[in-house]
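In what follows, every chain begins at residue 1, and chains take the letters A, B, ... in the order their sequences are listed.
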Number of protein chains: 2
Amino acid sequence: MPIMDAPRRDLAAMIAPLQRALIAAEQPVLRAHGLSMWGYVVLNALDGQPVRTQAALAEVIGADKSRIIGVLDELEAGGLLQRTRDPEDRRARLVAVTEEGRRRCRAVQVDIQRNEERLLTRLSAADREAFLRVLTELSALPASEIAGE
Amino acid sequence: MPIMDAPRRDLAAMIAPLQRALIAAEQPVLRAHGLSMWGYVVLNALDGQPVRTQAALAEVIGADKSRIIGVLDELEAGGLLQRTRDPEDRRARLVAVTEEGRRRCRAVQVDIQRNEERLLTRLSAADREAFLRVLTELSALPASEIAGE
DNA sequence: TATTGTTATACTCTATAACTATA
DNA sequence: TATAGTTATAGAGTATAACAATA
């Protein structure tokens, strides 16, 4: 067993440029579909669960509740989601994607993942599978677990 | 061959929370060693190549040349790097890490990667190897290749 | 009094554009 | 005139705190 492994770069240092480039690649797609980055993130988060309170929604996407308000306003104005007062607690507003919102979100995702798939073709089938599986697992961890409590 | 694969999340959407948590995990380590995030990035970039012009250095780490000046000032004040005028072109300043700078950088990296290794232990040896290899490959690609020209 | 959504304020980053000194 | 480094300004993004309505 070797005492020293070959040195590797930090995970964050490797992920950073990849993340930056992936986001840059999304911009023209989003613009073509008339969506902001946060708008897309919100629609994605709502796609599965049809109702949600705004604060909970904000936490899911790692944002402050005050930060998503403008985003929700825009999406609602564009007919991509609806906000209705919760009859059981009139302080809260139930947020739901509209059919059009779901369509738009899916269309954007198809375009984005088309580019990502092109990128992934440079990997072997086994590497692709392992990479996506590991990424899925690690991204699902709570931040505290990644930071080490 | 199935017509539809199981839907997956976007790469960027999976990477984002991971990146956020990894950076958060680095903060206490950096603070303990008296380094800023950008200071650490700069030292890392200089570790291999001892001399470099500031503009080139900035480009390597994906920053604007004006953005790293305060960072270089701090590092120099702390004795972690030296700037000397290039005698062949007195406009340019040659940047080199000091021995102390190299030590500091290595010490930080050991702490950071210790936490990362803890995280990676949840992967099988094969997954760990594949994940790091793919990440190394993808992070080395030019941004234009990731964006699809 | 506490909580939801909202608005307002301040703070951090970052990009852009002037400025200097050399070439 | 053009370039390397620097400084100054302005803009975007974000977090925090105050606010109104409801519980």
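Only B/Asp64, B/Ser66, B/Arg67, listed by number, bring a heavy atom of residues 61-76 of chain B to less than 4.0 angstrom from any atom of DNA chain C. Shown for residues 20-45 of chain B: residues whose heavy atoms fall under 4.0 angstrom of DNA chain C, namely B/Trp38.
Residue A/Asp86 contributes atom CG, which lies 11 Å from atom P of C/dT4 at whole-angstrom precision. The distance from atom CD of B/Gln54 to atom P of C/dT20 is 19 Å, rounded to the nearest whole Å. If you take CD of A/Glu88 and C1' of D/dT22, they are 15 Å apart, rounded to a whole angstrom. Between the CZ atom of A/Arg91 and the C1' atom of C/dT6 there is a distance of 14 Å, rounded to whole Å. In this structure, A/Leu57 places its CG atom 14 Å from P of C/dT4, rounding to the nearest Å. Rounded to an integer number of Å, the gap from CG of B/Asp89 to P of C/dA21 is 16 Å.
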**side-chain contact (heavy atoms from CB on, under 4.5 Å) evaluation trace for B/Leu57 with B/Leu72** = CA-CA 11 Å; B/Leu57 170 60; B/Leu72 294 178; 4.1 Å; yes
**Message:** Between B/Leu135 and A/Ile15, is the side-chain contact (heavy atoms from CB on, under 4.5 Å) condition met? List the steps.
**Reply:** CA-CA 7 Å; B/Leu135 210 49; A/Ile15 287 177; 3.9 Å; yes
**Message:** Does B/Asp73 form a salt bridge (charged side-chain N to carboxylate O under 4.0 Å, His left out) with B/Arg83? I'd like the steps, not just the answer.
**Reply:** CA-CA 9 Å; B/Asp73 289 345; B/Arg83 281 187 283 192; 2.4 Å; yes
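With hydrogens and angles disregarded, no donor-acceptor distance shorter than 3.5 Å links the side chain of B/Thr53 to the backbone of B/Ala92. Side-chain atoms of A/Asp127 do not come within 3.5 Å of backbone N or O of A/Leu120 as any donor-acceptor pair.
Between A/Leu75 and A/Gly39 the shortest heavy-atom distance is CD1-O, 3.9 Å.
For B/Arg93 and D/dT6, the shortest distance from a side-chain N or O to OP1 or OP2 is below 4.0 Å.
Here the side chain of B/Ala55 is nearest to one of D/dG5, C/dT22, D/dT22, namely D/dG5.
A/Glu117 and A/Arg128 are joined by a salt bridge, as a carboxylate oxygen and a charged side-chain nitrogen come within less than 4.0 angstrom of each other. Ion pairing between a basic and an acidic side chain is recognised when a charged N comes within 4.0 Å of a carboxylate O; B/Arg104 and B/Glu100 show such pairing.
Every residue was checked against the salt bridge (charged side-chain N to carboxylate O under 4.0 Å, His left out) condition with B/Glu74, not counting sequence neighbours, and none meets it.
No engagement by A/Arg85 is indicated, since no non-hydrogen atom pair under 4.0 Å with the nucleic acid exists.
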